[in-house]
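For reference, positions follow the sequence shown, starting with 1.
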Amino acid sequence: MLIFKLTNNSFRLVLRLSVQSTIQIRRMSAKRNIQIIYKEIPQGFPDASKTFEIKKGTIVLEDVVLKSDEVLVRTLYASVDPYMRGRMRDPANKSYFGAIIPGDVMEGGTIFEVIKSNNPNFVTGDVVVGYSKWEEYSVISLDVSDQRQFKIPNAKNSPVPLSYFLGVLGMPGLTAYVGLHKICEPLTPGQTLFVSAASGAVGQVVGQYAKVLGLRVVGSAGDDEKVEYLIKELGFDAAFNYKKHEDFNTILKQTCPDGIDIYFENVGGKMLDAVIQNCNPFARIPMCGMISQYNRLSDQEPIYNLVAAIGKRLRLEGFIVLDESARYGADFTTTFTKLMKEGKIKYKETITNGIECLPDALVGLFEGKNFGKGLVKIADL
């Protein structure tokens, strides 16, 4: 047996070295964890620097203790979507989706990798589409019954970009599918469908899927490049730059000479007013969004022609895609996966890199700067 006799001084030295080594190891295992903090409720258009704060921090992954059903995840992609503006409101104003509280980490649709799990349904390495905080690492509770959350099978060898699961194969694609099948049937070949915000995350899918079903498709967008893309790349029958036409009624008569049978509503305001004038009897209007009105606090544009909905027997119906996931989700996935393999649906994205870009990416969405689906890539798988 070896016996070591340590003097008080030598014991202190060994102890000091041990503590320093532990601190150094912890520093080496600490990971950067940038968070996007939601600072204040915007008055009108959000301002990236006033509405959000980029908070830099670290996390020691080994020290994270998980409660039952919780997982520690690494964020790969974050989505920016128009509905998020509605969550940046006074919490006293109730809606279908809870308000985000100033001071909290912003949140939204994400794709993340599970790196530690205390949930029997999710294991390390699973890649999941869901909702989580705007931060590089996050602890969340996952519930397999939540229709908003699903695993991406064989994610590392996915035949399509992972980002598509936040777009054409995710919520925006399902929104197009639900809006058309729930509200617009019968989808009669030869009828005219008009879609606003046609180059956006939802609009581009609506138009292409309607073409597959045999409808005549017309779209509007905010610049000439987008209009050209709709016609030349996506096969729209007609499209126009709404910023070049003060009189929407006239341009709709030109591009939809036989009237409008389906209007997939994404913008509201003056466009909706003009569409009602040009609708055929029994036209259907799935009301998906009204992005032109989201940042108007006290001067939202009125609809003057709504009385025409009575005589024309129009169907105007709002819908929330999350309500319909269980009913339509499986058919949507099967149908759109097949159409994409066949090359009948393409998908345009605007992807920026780095979590610090999220505030500007969201604000840019409301300024029309994105082309297609807006996303931020945060990490590689």
Colleague: Would you call I36 and I355 a side-chain contact if the rule is heavy atoms closer than 4.5 Å?
Modeller: yes
Colleague: Whether R216 and D237 form a salt bridge (side-chain N of Lys/Arg under 4.0 Å from carboxylate O of Asp/Glu) is what I want to check.
Modeller: no
Colleague: A side-chain contact here means heavy atoms from C-beta on lying under 4.5 Å apart; do V160 and F165 qualify?
Modeller: yes
Colleague: Going only through I, L, V, M, F, W and Y residues with side-chain contacts under 4.5 Å, is there a path from Y77 to F112?
Modeller: no
Colleague: With distance as the sole test, does N33 use its side chain to make a donor-acceptor pair with the main-chain N or O of G57 at under 3.5 Å?
Modeller: no
Colleague: Which heavy atom of M171 sits nearest to which heavy atom of Y83, and what is that distance?
Modeller: CE-CE2, 4.2 Å
Colleague: Of the options R85, E301, Q300, which is the one that meets Q293 in a side-chain hydrogen bond (donor to acceptor under 3.5 Å, both in side chains)?
Modeller: E301
Colleague: Report yes or no: does R87 contribute a side-chain atom to a donor-acceptor pair with the main-chain N or O of G98 at less than 3.5 Å?
Modeller: yes
Colleague: At what distance, to the nearest 0.5 angstrom, does NZ of K156 lie from OG of S158?
Modeller: 13.5 Å
Colleague: Return the CD to CE distance between Q43 and M88, rounded to the nearest 0.5 Å.
Modeller: 11.5 Å
Colleague: Can you run down the side chain to side chain donor-acceptor pair (under 3.5 Å) pairs that involve residues 48-58, sequence neighbours left out, and say none if there aren't any?
Modeller: D47-S49
Colleague: Do Y96 and V202 share a hydrophobic cluster, counting only Ile, Leu, Val, Met, Phe, Trp and Tyr and linking them when any side-chain heavy atoms are less than 4.5 Å apart?
Modeller: yes
Colleague: Might you point out which heavy atoms bring N249 and N278 nearest each other, and give the distance in Å?
Modeller: OD1-ND2, 2.9 Å
Colleague: I'd like to check V217 versus L234 (side-chain heavy atoms, cut-off strictly below 4.5 Å). Are they in contact?
Modeller: no
Colleague: Going by the rule ring pair (Phe, Tyr, Trp, His ring centres under 6.0 Å), which residues pair with F366 if we only count those two or more places apart in sequence or in a different chain?
Modeller: none
Colleague: Return the OG1 to CD1 distance between T192 and I260, rounded to the nearest 0.5 Å.
Modeller: 8.0 Å
Colleague: Can you get from I59 to V114 by hopping between Ile, Leu, Val, Met, Phe, Trp and Tyr side chains that sit under 4.5 Å apart?
Modeller: no
Colleague: Output every pair passing side chain to side chain donor-acceptor pair (under 3.5 Å) with a member in residues 326-339, not counting sequence neighbours, ordered by first then second residue.
Modeller: K338-E342
Colleague: Mind checking whether H245 and T250 have side chains closer than 4.5 Å, heavy atoms only?
Modeller: no
Colleague: Using every non-hydrogen atom in the two residues, find where N119 and D69 come nearest and quote the distance to one decimal.
Modeller: ND2-O, 2.9 Å
Colleague: Using only atom types and a distance under 3.5 Å, with no angle test, would you say the side chain of D126 pairs donor to acceptor with the backbone of V123?
Modeller: yes
Colleague: Look up atom OH in Y229 and atom CG in D223, then write down how far apart they are to the nearest 0.5 Å.
Modeller: 13.0 Å
Colleague: Report yes if some heavy atom in the side chain of Y38 is under 4.5 Å from a heavy atom in the side chain of F52; otherwise report no.
Modeller: yes
Colleague: Before accepting this row, confirm whether a basic side-chain N of the pair K182/E317 lies closer than 4.0 Å to the acidic partner's carboxylate O.
Modeller: yes
Colleague: Counting N and O atoms only, with roles assigned by atom type, does the side chain of R313 sit under 3.5 Å from a partner on the main chain of G311, one being a donor and the other an acceptor?
Modeller: yes
Colleague: Could you walk me through whether K116 and L61 satisfy the side-chain contact (heavy atoms from CB on, under 4.5 Å) test, starting with their C-alpha distance in whole Å, then the side-chain angles of each, then the deciding distance to 0.1 Å, before giving a yes or no?
Modeller: CA-CA 9 Å; K116 189 175 181 179; L61 304 181; over 6 Å; no
Colleague: Please identify which of these residues, E136, M106, E135, meets the side chain to side chain contact (heavy atoms under 4.5 Å, CB included) condition with Q35.
Modeller: E135
Colleague: Do V73 and V128 have side-chain heavy atoms sitting under 4.5 Å apart?
Modeller: no
Colleague: May I ask you to decide if V267's main-chain N or O and E265's side chain share a donor-acceptor pair within less than 3.5 Å?
Modeller: yes
Colleague: Kindly state each residue pair satisfying ring-ring contact (aromatic ring centres under 6.0 Å, His included) with at least one member in residues 130-151, sequence neighbours excluded.
Modeller: F97-Y131
Colleague: Is the NZ atom of K270 crowded by more than 12 outside heavy atoms at less than 6.0 Å?
Modeller: no
Colleague: Specify the closest pair of heavy atoms between I111 and V127, including all atoms of both residues, with the distance to one decimal.
Modeller: CG2-CG1, 3.7 Å
Colleague: Does the pair V105 and I37 meet the rule for a side-chain contact (heavy atoms from CB on, under 4.5 Å), with working shown?
Modeller: CA-CA 4 Å; V105 181; I37 307 298; 3.8 Å; yes
Colleague: Would a 4.5 Å heavy-atom cut-off, applied to side chains only, mark Y263 and I285 as touching?
Modeller: yes
Colleague: Without hydrogens or angle criteria, can the side chains of S79 and K373 be said to hold a donor-acceptor pair below 3.5 Å?
Modeller: yes
Colleague: Applying the 4.5 Å side-chain criterion to the ILVMFWY set and letting contacts propagate, would I351 and V168 be lumped into a single cluster?
Modeller: yes
Colleague: Please test V275 against L252 for side-chain contact (heavy atoms from CB on, under 4.5 Å), starting from the C-alpha separation and ending with a verdict.
Modeller: CA-CA 7 Å; V275 165; L252 285 172; 3.9 Å; yes
Colleague: Is a side-chain N or O of N266 found less than 3.5 angstrom from the main chain of S196, in a donor-acceptor match?
Modeller: yes
Colleague: Partners of F45 by ring pair (Phe, Tyr, Trp, His ring centres under 6.0 Å), sequence neighbours excluded?
Modeller: none
Colleague: Would you call E233 and K346 a salt bridge, using N to O less than 4.0 angstrom?
Modeller: yes
Colleague: Looking at Y164 and G170, would you say the former's side chain and the latter's main chain have a donor-acceptor pair under 3.5 Å?
Modeller: no
Colleague: Between I276 and Y304, does the side-chain contact (heavy atoms from CB on, under 4.5 Å) criterion hold? Intermediate values first, please.
Modeller: CA-CA 10 Å; I276 290 174; Y304 295 99; over 6 Å; no
Colleague: Quick one: which of L166, L162, L169 gives a side chain to side chain contact (heavy atoms under 4.5 Å, CB included) with V129?
Modeller: L166
Colleague: How many angstroms lie between atom CD1 of I251 and atom CD of E246, to the nearest 0.5 angstrom?
Modeller: 13.0 Å
Colleague: Measuring only between side-chain heavy atoms, which start at C-beta, is L213 closer than 4.5 Å to L193?
Modeller: no
Colleague: Would you find a donor on one side and an acceptor on the other, under 3.5 Å apart, between the side chain of N121 and the backbone of V144?
Modeller: no
Colleague: Which pair of heavy atoms, one from S199 and one from A221, lies closest together, and at what distance?
Modeller: OG-CB, 4.0 Å
Colleague: Decide whether S145 and D143 meet the rule of one side-chain donor and one side-chain acceptor closer than 3.5 Å.
Modeller: yes
Colleague: Using atom types as modelled and distance alone, determine if a side-chain donor or acceptor of K377 lies under 3.5 Å from a backbone N or O of S163.
Modeller: no
Colleague: Check V227, T255, V195 against F236 for a side chain to side chain contact (heavy atoms under 4.5 Å, CB included) and give me the one that passes.
Modeller: V195
Colleague: Of the options K344, H181, Q204, which is the one that meets Y209 in a side-chain hydrogen bond (donor to acceptor under 3.5 Å, both in side chains)?
Modeller: H181
Colleague: For the side chain of K151 and the backbone of F122, is there at least one donor-acceptor N/O pair under 3.5 Å apart?
Modeller: no
Colleague: Hydrophobic clusters here meaning ILVMFWY residues chained together by side-chain heavy-atom distances under 4.5 Å, can you tell me if I115 and L381 are in one?
Modeller: no
Colleague: Can you name the residues that form a salt bridge (Lys or Arg N to Asp or Glu O under 4.0 Å) with K244, not counting sequence neighbours?
Modeller: D224
Colleague: Mind listing the closest non-hydrogen atom pair of S132 and T110 along with its distance?
Modeller: OG-OG1, 2.6 Å
